[in-house]
Amino acid sequence: LEWALPFLPPAQCSIALFILLLFTRFWLISALYAVWWAFDWDTPSKGGRRSHRVRNSVVWRYMKDYFPITLVKTADLDPSKNYVFGCHPHGILPAGGFINLCTEAAGFSKHFPGLKPHPTMLSMLFRVPLFRDYLMSLGVIPSDKESVSYVLRKKEGGNIVIISVGGAKEALDAHPGAYTLVLQNRKGFVRLAIENGTPLVPVFSFGENELYDQVKNPKGSWVRWTQDRLQTIMGFSLPLFYARGIFQYTFGFLPYRKPILTVVGKPIQVEKKHNPSQDELDKLHKRYLEALCMLFEEHKLKYNVPEDTHLSFV
């Protein structure tokens, strides 16, 4: 509940609280925050400000056990290098990616010692008072090129930028049993990897799409047309989802208790080039798709995915 609620109406609630305080006897809190916020404006794009206490909160360990959620490592990563993780699928609200990569509940630092994860989210969320600080405390940074490149250019290494490549659009295809990824024409993360000489690592969370039911929205339907239009205008999608309630299993917005297993694949080595050609982008993108498919095929039977099920890309 603590995890789900802030991600449902985050901007609206944070802005409302900030403004409402101005009209109460606690107005000084908002006023002082506004001054500090002005000085702290660029912090999200400069690597953020993570909090060891927030990332290690006992709340996240309870959440991990609720599903449960497991982090699976398939290869060692060199802490002297930086990496780009491509995280799939996005899901409705990516619980597996959140617990495994935004918190220490699944033991990320024990699996990958010397490496700091930097999950990415929409840049606009870091212009929202209060909520921006919550995101930064978890190690999250804006998803724009400037913020991501700042982290990847750190010469000492030891940083991981985590990109949910399918993004908001992929959430609209997050139905139980679905393995459709919005990836065919997503090559921005590939360009970032080449420009910074950063290895690419495919990551797949089995069970991510099983957490919620979603109103049927096949392509061509008026529901999907409306969702696509809103996604184009606002930058984020509005999937019509539901699951269980707090004290009952009939209806609500808490996720179902389904196991999630996040598998981190082997790194794909990338040669650094300042201005890669389209052909170079296409070749690395193809290698990434092949590595992701191989990761899925190697592990799907362990996680009860039917043998005749394969990834599809749009």
Side-chain angles (χ1 to χ4, degrees), residues 3 6-7 10-11 14 33-57 60 71 77-87 90 94 97-165 167-168 188-201 203 235-236 262 264 267 270 272 274:
W3 166 78
F7 286 92
S14 296
Y33 180 88
V35 174
W36 175 80
W37 182 19
F39 284 101
D40 196 55
W41 186 261
D42 291 328
T43 299
S45 61
K46 303 298 181 183
R49 180 177 52 247
R50 68 182 55 230
S51 167
H52 178 79
R53 178 175 294 179
V54 174
R55 285 176 53 85
N56 283 273
S57 171
W60 310 132
L71 180 61
L77 299 182
D78 186 351
S80 66
K81 295 181 179 180
N82 296 318
Y83 294 88
V84 173
F85 277 18
C87 205
H90 182 281
F98 176 83
I99 284 296
N100 285 315
L101 307 175
C102 290
T103 80
E104 287 294 331
F108 182 91
S109 295
K110 294 180 181 178
H111 284 84
F112 302 104
L115 291 164
K116 291 193 298 184
H118 298 270
T120 58
M121 287 188 69
L122 288 173
S123 301
M124 69 175 70
L125 295 176
F126 291 87
R127 300 311 181 201
V128 177
L130 305 176
F131 188 63
R132 68 191 289 275
D133 300 285
Y134 173 72
L135 293 178
M136 284 195 291
S137 69
L138 293 165
V140 183
I141 62 172
S143 58
D144 59 84
K145 185 177 180 179
E146 177 188 355
S147 303
V148 171
S149 297
Y150 180 88
V151 173
L152 295 180
R153 287 171 184 162
K154 291 187 175 182
K155 296 182 179 180
E156 68 273 16
N159 295 285
I160 300 172
V161 169
I162 299 146
I163 302 174
S164 185
V165 183
F189 74 107
V190 174
R191 179 181 292 276
L192 278 169
I194 295 178
E195 289 178 347
N196 293 282
T198 309
L200 278 171
V201 181
V203 180
F236 56 89
T262 301
V264 180
V270 177
K272 185 176 181 178
H274 177 64

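When reading the values below, keep in mind they use all heavy atoms of this one structure, side chains included, and skip hydrogens, waters and symmetry mates. This is a predicted model, so every value here is computed, not measured.
Atom OG1 in T120 sits 11.0 Å away from atom CG in L125 (nearest 0.5 Å). In this structure, the separation between OG on S143 and CZ on F126 is 8.0 Å, given to the nearest 0.5 Å. Within the model, atoms CD1 of I160 and CG of L152 stand 10.5 Å from one another, a figure rounded to the nearest 0.5 Å. Atom CZ of F189 sits about 13.0 Å away from atom OG1 of T198, to the nearest 0.5 Å. Between R50 atom CZ and I141 atom CD1 the span is 9.0 Å, to the nearest 0.5 Å.
Evaluation of the side-chain contact (heavy atoms from CB on, under 4.5 Å) rule for K46 yields E146, Y150 as partners, not counting sequence neighbours. By the side-chain contact (heavy atoms from CB on, under 4.5 Å) test, R127 is found to be paired with W41, residues two or more places apart in sequence or in another chain being considered. Residues meeting the side chain to side chain donor-acceptor pair (under 3.5 Å) test with S109, sequence neighbours left out: E104. Qualifying side-chain contact (heavy atoms from CB on, under 4.5 Å) partners for W36, counting only residues two or more places apart in sequence or in other chains: Y33, D40, R49, R132, D133. With sequence neighbours excluded, no residue forms a side chain to side chain donor-acceptor pair (under 3.5 Å) with H274. For the side chain to side chain donor-acceptor pair (under 3.5 Å) test, residues two or more places apart in sequence or in another chain that qualify with D144 are S123, S147. For S137, there are no side chain to side chain donor-acceptor pair (under 3.5 Å) partners two or more places apart in sequence or in a different chain. Contacts of E195 classified as side-chain contact (heavy atoms from CB on, under 4.5 Å), with partners at least two apart in sequence or in another chain: K145, R191, P276. Remark: F85 engages no residue in a ring-ring contact (aromatic ring centres under 6.0 Å, His included) (not counting sequence neighbours).
The backbone N or O of V54 lies less than 3.5 Å from a partner atom in the side chain of W60, making a donor-acceptor pair. For the pair N82 (side chain) and K154 (backbone), a donor-acceptor distance under 3.5 Å is present.
Looking at every heavy atom in both residues, F112 comes nearest to L71 through CE1-CD2, 4.3 Å.
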